[in-house]
Amino acid sequence: MRAKAIVSGDIDYQSEDVLGLARQLLGKTLVTSLDGKICRGIIAETEAYRAPDDRACHAYGNKITPRTLTMFGRGGTAYIYLCYGIHHLFNVVTGPEGTAHAVLIRALIPQEGIEFMLERRKHKQLNYKLTRGPGALSVALGIHTKMNGTHLLTSNSAIRILNTGLHLSTEDISQSPRIGVGYAGESALLPWRFYVKNCPWVSG
DNA sequence: AAGAGGATGAACT
DNA sequence: GTTCATCCTCTTG
């Protein structure tokens, strides 16, 4: 049997533990490569969504519709959907095929390609709002619903997630209820939002 | 065929 | 703190 190289901080996208994955995705790097423009940032804020029991999850009750079908795919693909008719929200599908779990990426610390992010956002000056909030970061990185289903762990994908080995200790991470899910009854109270403590790039 | 509502952000007061 | 842009998805009839 051949030993598989384990890089510090590698995570298992097929895990059923979507809460653990939402936490572990903090500190990972999100990269887009579009029109020759490379943009890269560190994930600083996430939220877990877990079918079938979570009322805030689009696939609540394991409901399959054309939209939610992507969430039932294999962990490591992108679930991107339109919110409020305007915003393209980017999620990482997790768990094995047939399990509709996903992690919403809510904020990034920009690292590379900041000039392209400023251009897409029509901002003149760099400030913390550049990639803060799920709709804002999608604009900055050029993420669009047409990229729904993209494989995030494949080297030639337009959107990728990389493990750069950055280690965050438990003291660096806070959690809270999720944003904007007040309609979801008891599920709205679950502390399934994770973020880097005292990080100015985080929303809320 | 039609209507309601939403995992938001920006620009206001 | 409030308003509203804007359109897709799902449910109902």
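As a basis for the values below, the full set of heavy atoms in this structure was taken, side chains included, without hydrogen atoms, waters or symmetry mates. Just so we're on the same page: letters track the sequence lines, and every chain starts at 1.
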Which nucleotide, C:dC8, C:dT9, B:dT8, lies nearest any side-chain atom of A:I179? B:dT8
Looking only at C:dT11, C:dC7, B:dG9, the nucleotide nearest the A:L82 side chain is C:dC7
Which pair of non-hydrogen atoms, one from A:Y60 and one from A:P52, has the smallest distance, and what is that distance? CD1-O, 3.1 Å
Just the rounded figure in Å: distance from P of B:dA7 to CZ of A:F90. 18 Å
So, for A:C57 and A:A100, which heavy atoms are closest and what is the spacing to 0.1 Å? SG-O, 4.0 Å
Counting C-beta onward and ignoring hydrogens, is there a side-chain heavy-atom pair between A:D54 and A:W192 closer than 4.5 Å? yes
Just N and O in the side chain of A:R106: are any of them under 4.0 Å from OP1 or OP2 of B:dT8? yes
pair A:L34-A:R120: side-chain heavy atoms closer than 4.5 Å: yes
Quick one: is B:dA10 close enough that its OP1 or OP2 comes under 4.0 Å of any side-chain N or O from A:K122? no
First of A:H123 and A:V181 reached from the 5' end of DNA chain B, by closest nucleotide: A:V181
Write out the stems for DNA chain C, ordered by first number and formatted as range with range, counting runs of at least 3 consecutive Watson-Crick or G-U wobble pairs under 3.5 Å. B:1-6 with C:7-12, B:8-12 with C:1-5
Starting from C1' on C:dC8, measure out to CD1 on A:I80 and report it in whole angstrom. 15 Å
Can you measure A:L89 atom CG to B:dG6 atom C1' for me and round it to whole angstrom units? 11 Å
As an exercise, state the distance from CD1 of A:I42 to CG of A:L25, rounded to the nearest 0.5 Å. 13.5 Å
Residue-phosphate contact under 4.0 Å: A:R132 side-chain N/O, B:dG9 OP1/OP2: no
I need the CZ-P distance between A:R67 and B:dA7, as an integer number of Å. 7 Å
Assess the side chains of A:T145 and A:N148: does a donor N or O sit below 3.5 Å from an acceptor N or O? no
Measure from OH on A:Y84 to P on C:dT3 and round the result to the nearest Å. 15 Å
Minimal non-hydrogen separation, A:L130 against A:P110, with atom names: CD2-CG, 4.3 Å
At under 4.0 Å between heavy atoms, what does A:A136 touch on the DNA or RNA strands: base, sugar-phosphate, or nothing? sugar-phosphate
Rounded to the nearest Å, what distance is computed from the CG atom of residue A:N91 to the C1' atom of nucleotide B:dT8? 14 Å
With stacking defined as ring centroids separated by under 5.5 Å and planes differing by under 30°, is A:Y49 stacked against B:dA7? yes
Establish, from distance only, whether the side-chain atoms of A:S176 and A:R193 form a donor-acceptor pair under 3.5 Å. yes
Interatomic distance where CG belongs to A:L137 and C1' belongs to B:dA10 [whole Å]: 16 Å
Could you state the atom-to-atom distance from OH of A:Y81 to C1' of B:dG6 in whole Å? 8 Å
Indicate, with a heavy-atom threshold strictly under 4.0 Å, whether A:R55 touches base, sugar-phosphate, or nothing. nothing
Taking atom types as they are modelled, would you say the side chain of A:H58 forms a donor-acceptor pair with the base of B:dA7 within the 3.5 Å cutoff? yes
